[in-house]
Each structure stands twice: as structure tokens, then as C-alpha cells.
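As C-alpha cells, the structure follows; a few thoughts come after it.
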Amino acid sequence: MRKALRWLLALTVLIGTLSTAGAATAAEPDPGGTDIKDRLLSVPGMSLIQEKPYPGYRYFVLNFTQPTDHRHPSAGTFQQRITVLHKDVSRPTVFYTGGYNVSTTPSRREPTQIVDGNQVSMEYRFFTPSRPDPADWSKLDIWQAASDQHRIFEALKKIYPANWISTGGSKGGMTATYYERFYPRDMDGVVAYVAPNDVVNDEDSAYDRFFDTVGTKECRDRLNAVQREALVRRAPLETKYEAYAAENGYTFTTIGGLDRAYEAVVLDYVWGFWQYSLLADCATIPADAATATDDEIWTSIDTISGFSFYTDQGLEPYTPYYYQAGTQLGAPTIHFPHIEKKYVRYGYQPPRNFVPRDIPMRFWPRAMRDVDTWVRHHAQHMLFVYGQNDPWGAERFRLGKGAQDSYVFTAPGMNHGANVAGLTADEKTLATARILSWAGVATPAVTAARPLAKFDAKLDVRDAEREPALRP
């Protein structure tokens with residue numbers, strides 16, 4: 001592997017080109033003399049929600065009119081929320097989506113810092129307020145969402161003519177990959193972080209193997225013991241849960257009752273720990289679950305899994321994700337050999353249980369197989385980054401012989417927040433060099449491959465966005 005990396009580093013030196021633009025230090029005026037806000041609002045279907053100041057940038061929250069069905073554009077439209085972090089029309093642009101709601105607070109994703117560019121961020125269709133009314137859920141699929149991105153790109157490419165790179169983390173990494181599969185000519189590169197790839201929904205043994213070996217035996221034993229103890233003490237802890245729900249006005253209609261919700265939260269516990277925590281955080285887990293108090297068990301489960309999530313109120317904002325998981329994306333199922341069967345009543349519940357029953361769902365098994373096959377044989381200028389201790393990386397994208405200038409890297413010891421900065425030195429240098437090259441701002445030598453913009457602790461997002469429940 002080290003020899004291969006040296007060869008790739010040398011290759012990058014040969015094909016890298018010197019950036020003539022340099023690293024900009026402030027948002028520069030449009031050379032055409034038209035204010036960038038006016039240019040953005042001149043795009044048909046674009047309207048301004050808000051402009052927010054940030055030093056060195058212009059930041060806009062916008063609505064963009066999209067067809068509800070890209071196959072039948074005349075059948076209705078909806079307003080899709082996007083944001084634009086504007087640096088300079090001559091700089092490259094990073095197209096980001098997290099696969100869920102879009103943040104309206106200025107932020108800069110890692111590739112944006114690396115290339116010192118602009119950033120366009122998109123809210124995924126059907127996440128409110130970017131939801132058609134009435135909502136025809138059959139129009140929520142990966143091709144329709146990729147077509148949303150394609151239309152935004154076509155509209156903004158005229159304003160930002162330099163190279164474009166798409167990126168996203170977790171479900172956003174999946175989204176960036178699907179976009180590349182359906183519209184491979186749009187982007188000059190793809191950086192997909194911690195993107196799950198559930199090719200065969202009914203075969204999830206990779207997750208079981210992951211949980212058998214992740215971290216250390218001492219840490220695994222602590223987590224397993226707390227999870228088991230929470231089910232052993234189901235009766236008193238469910239009484240506590242009932243009081244907690246009543247106090248907060250929580251209901252359980254969608255999942256089918258408090259008992260189902262309680263078990264779902266508990267079974268997410270071990271997964272949730274490894275998704276968002278580090279090995280060092282094992283010290284926060286009760287060392288002896290059998291002698292821990294009910295409050296200690298409750299607090300540990302609640303801190304990591306979140307007892308509010310499988311309520312109707314917790315599930316409702318994520319209905320679009322669970323709809324997609326149950327129709328195209330797939331969802332993991334794992335086993336619990338450390339817990340006697342008498343304590344597990346439901347196991348990992350399917351996405352259907354987390355979506356209101358009046359929304360019809362049918363699973364399409366070919367969707368992920370198609371994307372996986374395409375990536376293996378046609379990936380070009382694609383970088384996948386995974387965390388060594390992240391459960392979602394157990395089923396990941398892999399490259400075949402047909403892939404060109406594409407890479408899959410794993411950040412040692414990292415979780416669902418894995419990034420280029422967390423890679424080994426050689427892989428970090430190579431990944432940074434390729435991103436710069438794809439963006440058209442490559443450095444003359446790979447040894448100088450480093451982010452063109454200085455790190456901004458307020459603007460640059462590095463950690464995984466912690467969310468309760470089992471969700472990428």
C-alpha cells in the first residue's frame with residue numbers, strides 16, 4: 001500500500017498544475033460589475049430569503065423553484081431551500097448536501113476550505129420546508145433528488161464558471177455519489193464522507209463482524225453490559241420513560257407504542273456510541289452495569305441514543321429519510337448475541353415502523369445495486385473517506401478495475417466524523433492534492449498540497465453532526 005501511495009504521489013506531481021488564482025482573502029466583486037446578489041436573483045425561479053454577513057464572504061439563504069416530478073415538469077412545483085457562501089466568481093465551487101435539512105448558519109465544509117472556494121448547499125427534497133404540497137411521496141427517490149442538484153448546478157454554473165466539486169457526509173455522501181451516477185458530466189470531482197452502501201438489504205453480516213472487533217474487548221463488554229441491563233430492567237425504566245413522555249407531551253402512534261420505542265432506543269445504544277464517540281470515551285460508560293443504579297443506566301442510554309427520538313415528535317422531521325431507507329437505500333439489521341432472546345422482543349425494526357401508515361412504501365432492491373455497479377466500473381475523480389470505528393463504514397463503496405483516479409481511504413480511530421484531515425500523512429497529502437487538482441487549483445508539487453484557506457473554527461465544520469437514533 002505504501003509503495004502504491006508513493007507512486008500515486010509521484011503521479012500527482014506530474015499532472016498537477018500551478019494555480020494562477022492564488023488563495024483569495026476576501027469576497028471579491030464580480031468582475032462584470034453586477035452585484036452577486038443581483039446575479040443570483042436574476043436566475044429564473046430564484047428568490048431571496050435572507051442575506052447574512054460573514055467576514056470575507058457573502059452568504060445567502062435562497063429558495064429555488066423545482067419541479068415536483070422532473071419527468072413531468074408541468075405537473076407542479078415546490079420551493080427548495082439552498083444557501084450560497086460566496087467568495088469570488090473566479091474561484092471553484094463546492095456543492096454540498098447533508099441529505100437532510102440545510103443549515104442556514106454560514107459554514108464551510110472541508111473541501112471548501114481546501115480549495116478556498118464558494119459553497120452551494122442544498123436542502124434535500126421533502127425535508128421541510130422543501131416539501132411539495134400536497135406531498136406525493138412517490139416523487140421522493142434518488143433520481144429525483146439528483147435531478148434537483150442538476151438543475152441547481154445548471155442555473156449557477158453560469159455565475160460560477162470555474163470547476164465544481166460535490167461533497168457530503170453520511171446520507172450527504174450517498175447523495176453526492178448518486179448525483180455522480182446520474183449526472184457524471186456535471187462535477188469535476190466528488191468527495192464523499194462516511195457514505196454507507198447497502199447493496200443487498202437482506203445481507204448485513206458485515207455489521208455483526210464490525211461489532212465483534214471494533215475498539216477493545218473491555219469497551220465492547222462495557223457497552224454490551226449496559227445495553228443488556230437496560231432490557232433486563234425494562235419494567236422500572238419503562239415506568240420512568242412513561243413519566244418522561246407524559247411530562248414532555250410525547251406520543252408513540254407511529255412506532256406502535258412505548259414498549260417498541262423503548263427497545264428501539266436501547267438497541268441503538270452500542271451503534272450510537274461508536275458512530276459518535278471515540279475509544280477514549282469508553283471511560284464514561286458505567287464499568288459495572290449490574291451494580292449501576294437505574295438512573296445511571298437511563299442516563300447513559302439517553303445520552304447516547306436519546307429517549308425522545310422514537311416518539312412521534314422525534315420521528316416526524318426524519319420521515320423522508322426513513323421513507324427512503326424503506327424504499328431504496330436499505331437499512332441495517334444486526335444481532336445481539338450478548339443478550340438472551342427473552343429480553344429482545346422486536347429486534348432492529350424496519351423503516352416501515354418509523355413512517356406514518358398513511359404513506360405507502362415499496363422497496364426497490366435494484367436501486368443500490370445499480371449505484372454500486374456504476375461506482376465500481378465507472379467512478380472517476382471520486383474520493384471516499386471512512387472512519388475506522390464508524391459502524392456505517394462496515395458496508396461501504398468499493399472500487400473496481402474500471403474506476404479511474406478514484407480512492408477509498410480510512411481514517412484511523414475515527415468515527416462518523418472522519419475527514420481528510422484525519423487520514424494518515426501520505427493519504428492526507430494525496431487526497432488534498434487530488435481535490436486541488438479536480439478543482440483546477442492544484443499546487444505544483446504534491447508535498448505542498450495543503451488547504452488554500454486558513455482554518456476558521458467558527459466557519460469550518462469538522463465533527464459529525466450528532467443525531468439520536470440509528471441514521472446515517
Completion exercise
Here the gap from Asn201 atom CG to Glu395 atom CD, rounded to the nearest 0.5 Å, amounts to 8.5 Å
Handout entry: Pairwise salt bridge (charged side-chain N to carboxylate O under 4.0 Å, His left out) hits with a residue in residues 128-143, at least two apart
Key = Asp136-Lys139
Practice task
Could you list the residues that satisfy side chain to side chain donor-acceptor pair (under 3.5 Å) with Tyr323, not counting sequence neighbours?
Solution key: none
Fill in the blank from the handout: Separation between CG (Leu459) and CZ (Arg109), nearest 0.5 Å, reads 10.0 Å
Practice task
With sequence neighbours excluded, tell me which residues meet side chain to side chain donor-acceptor pair (under 3.5 Å) with Asn353.
Solution key: Gln349, Arg357
Problem - Arg396: partners by side chain to side chain donor-acceptor pair (under 3.5 Å), with sequence neighbours left out - result: Thr410
Handout entry: Exam field: side chain Ser130 to backbone Glu123, donor-acceptor pair closer than 3.5 Å
Key = no
Handout entry: Any pair counted as salt bridge (charged side-chain N to carboxylate O under 4.0 Å, His left out), so long as it reaches residues 197-212, sequence neighbours left out
Key = none
Practice task
Report the C-alpha distance between Val194 and Val385 in whole Å, list the side-chain angles of each, state the deciding distance to 0.1 Å, and finish with yes or no for side chain to side chain contact (heavy atoms under 4.5 Å, CB included).
Solution key: CA-CA 6 Å; Val194 295; Val385 178; over 6 Å; no
Practice task
Check whether any side-chain heavy atom of Leu40 sits under 4.5 Å from a side-chain heavy atom of Ile159, and report yes or no.
Solution key: yes
Problem - Asp302 and Tyr269: side chain donor to acceptor below 3.5 Å - result: no
Problem - Within 45° cone and under 6.0 Å: Lys171 NZ/CZ vs Tyr124 ring - result: yes
Completion exercise
Looking only at heavy atoms, the pair that brings Ala195 and Phe397 closest together is O-CD1, 3.8 Å
Problem - Chi angles and distances behind the side chain to side chain contact (heavy atoms under 4.5 Å, CB included) call for Val265, Phe309 - result: CA-CA 8 Å; Val265 172; Phe309 185 75; 5.6 Å; no
Handout entry: Pairs satisfying salt bridge (charged side-chain N to carboxylate O under 4.0 Å, His left out), at least one member in residues 151-167, at least two apart
Key = none
Practice task
Check salt bridge (Lys or Arg N to Asp or Glu O under 4.0 Å) between Lys37 and all other residues, then give those that pass, not counting sequence neighbours.
Solution key: Glu51
Exercise for the section: With rounding to the nearest 0.5 Å, note down the distance linking CD in Gln380 to CE in Met187. Expected result: 14.0 Å
Problem - Heavy-atom donor-acceptor pair, Tyr386 side chain to Asn415 backbone, under 3.5 Å - result: no
Handout entry: Modelled atom types, side-chain donor and acceptor of Thr68 and Gln66, under 3.5 Å
Key = no
Handout entry: Between Tyr310 and Asp268, a side-chain donor and acceptor under 3.5 Å
Key = yes
Practice task
Verify whether one side chain among Tyr179 and Asp186 offers a donor that lies under 3.5 Å from an acceptor in the other.
Solution key: yes
Fill in the blank from the handout: Sorted by chain and residue number, the ring pair (Phe, Tyr, Trp, His ring centres under 6.0 Å) partners of His150 (sequence neighbours excluded) come out as Tyr183
Handout entry: side-chain contact (heavy atoms from CB on, under 4.5 Å) partner of Tyr322, chosen from Thr254, Val355, Leu329, Thr327
Key = Val355
Handout entry: Pair Asp69, Gln144: side-chain N/O donor-acceptor within cut-off below 3.5 Å
Key = yes
Exercise for the section: Answer yes or no: is there a side-chain heavy-atom contact under 4.5 Å between Gln119 and Thr93? Expected result: no
Completion exercise
Tyr207 meets the ring pair (Phe, Tyr, Trp, His ring centres under 6.0 Å) criterion, sequence neighbours left out, with Trp271
Handout entry: Contact check, side chains of Ile49 and Phe60, non-hydrogen atoms, under 4.5 Å
Key = no
Fill in the blank from the handout: Between the CD atom in Gln388 and the CH2 atom in Trp274, the distance rounded to the nearest 0.5 Å is 10.0 Å
Handout entry: Ionic contact status for Arg108 with Asp456, cut-off 4.0 Å
Key = no
Exercise for the section: Verify side chain to side chain contact (heavy atoms under 4.5 Å, CB included) between Leu436 and Leu452, making sure each step is shown before the conclusion. Expected result: CA-CA 9 Å; Leu436 291 169; Leu452 299 182; 3.8 Å; yes
Practice task
List for me each residue that meets ring pair (Phe, Tyr, Trp, His ring centres under 6.0 Å) alongside Trp438, sequence neighbours excluded, and say none if there are none.
Solution key: His381
Exercise for the section: Check whether any side-chain heavy atom of Phe95 sits under 4.5 Å from a side-chain heavy atom of Thr167, and report yes or no. Expected result: no
Fill in the blank from the handout: Value for CG (Leu62) from CD1 (Ile152), rounded to nearest 0.5 Å, stands at 10.0 Å
Practice task
For Arg81 and Met122, indicate whether the former's side chain and the latter's backbone hold a donor-acceptor pair under 3.5 Å.
Solution key: no
Handout entry: Main-chain N/O of Pro320 paired with Arg125 side-chain donor or acceptor, under 3.5 Å
Key = no
Practice task
Could you please spell out the steps behind the side chain to side chain contact (heavy atoms under 4.5 Å, CB included) verdict for Val120 and Tyr96?
Solution key: CA-CA 6 Å; Val120 175; Tyr96 166 78; over 6 Å; no
Problem - Ser437 side-chain N/O to Arg434 backbone N/O, donor-acceptor pair under 3.5 Å - result: no
Handout entry: Donor-acceptor pair between Ser166 and Glu180 side chains, under 3.5 angstrom
Key = no
Problem - Contact summary for Ile435 and Ile165, nearest pair of heavy atoms - result: O-CD1, 3.5 Å
Handout entry: Residues, nucleotides or ligands: over 12 heavy atoms within 6.0 Å of Lys52 NZ
Key = yes
Practice task
Please check if any side-chain donor atom of His70 sits under 3.5 Å from a side-chain acceptor atom of Asp148, or the reverse.
Solution key: yes
Exercise for the section: Quick one: list whatever passes ring pair (Phe, Tyr, Trp, His ring centres under 6.0 Å) with Phe127, sequence neighbours left out. Expected result: Tyr100
Fill in the blank from the handout: Scanning both residues in full, the closest heavy-atom pair of Gly314 with Tyr318 reads O-CD1, 3.6 Å
Problem - Non-hydrogen side-chain atoms of Leu279 and Cys219 separated by less than 4.5 Å - result: yes
Exercise for the section: Identify which one of Tyr54, Tyr160, Tyr59 satisfies the side-chain hydrogen bond (donor to acceptor under 3.5 Å, both in side chains) criterion when paired with His86. Expected result: Tyr160
Completion exercise
Rounded to the nearest 0.5 Å, the CD1 atom of Ile82 sits from the CG atom of Asn63 at a distance of 8.5 Å
Exercise for the section: Work out which heavy atom in Ser103 is nearest to a heavy atom in Thr83; give both atom names and the distance. Expected result: O-CG2, 3.7 Å
Practice task
Answer whether the closest heavy-atom distance between the side chains of Pro92 and Val441 falls below 4.5 Å.
Solution key: yes
Exercise for the section: Test side chain to side chain donor-acceptor pair (under 3.5 Å) on Asp426 and Thr424 and set out the steps. Expected result: CA-CA 6 Å; Asp426 284 352; Thr424 62; over 6 Å; no
Practice task
Any pair with a residue in residues 362-375 that passes side-chain hydrogen bond (donor to acceptor under 3.5 Å, both in side chains), sequence neighbours left out, goes on the list, sorted by first then second residue, please.
Solution key: Arg181-Asp370, Asn197-Asp372, Asp372-Arg376
Practice task
Indicate yes or no for a side-chain donor-acceptor contact from Ser90 to the backbone of Asp88 under 3.5 Å, with no hydrogens or angles considered.
Solution key: no
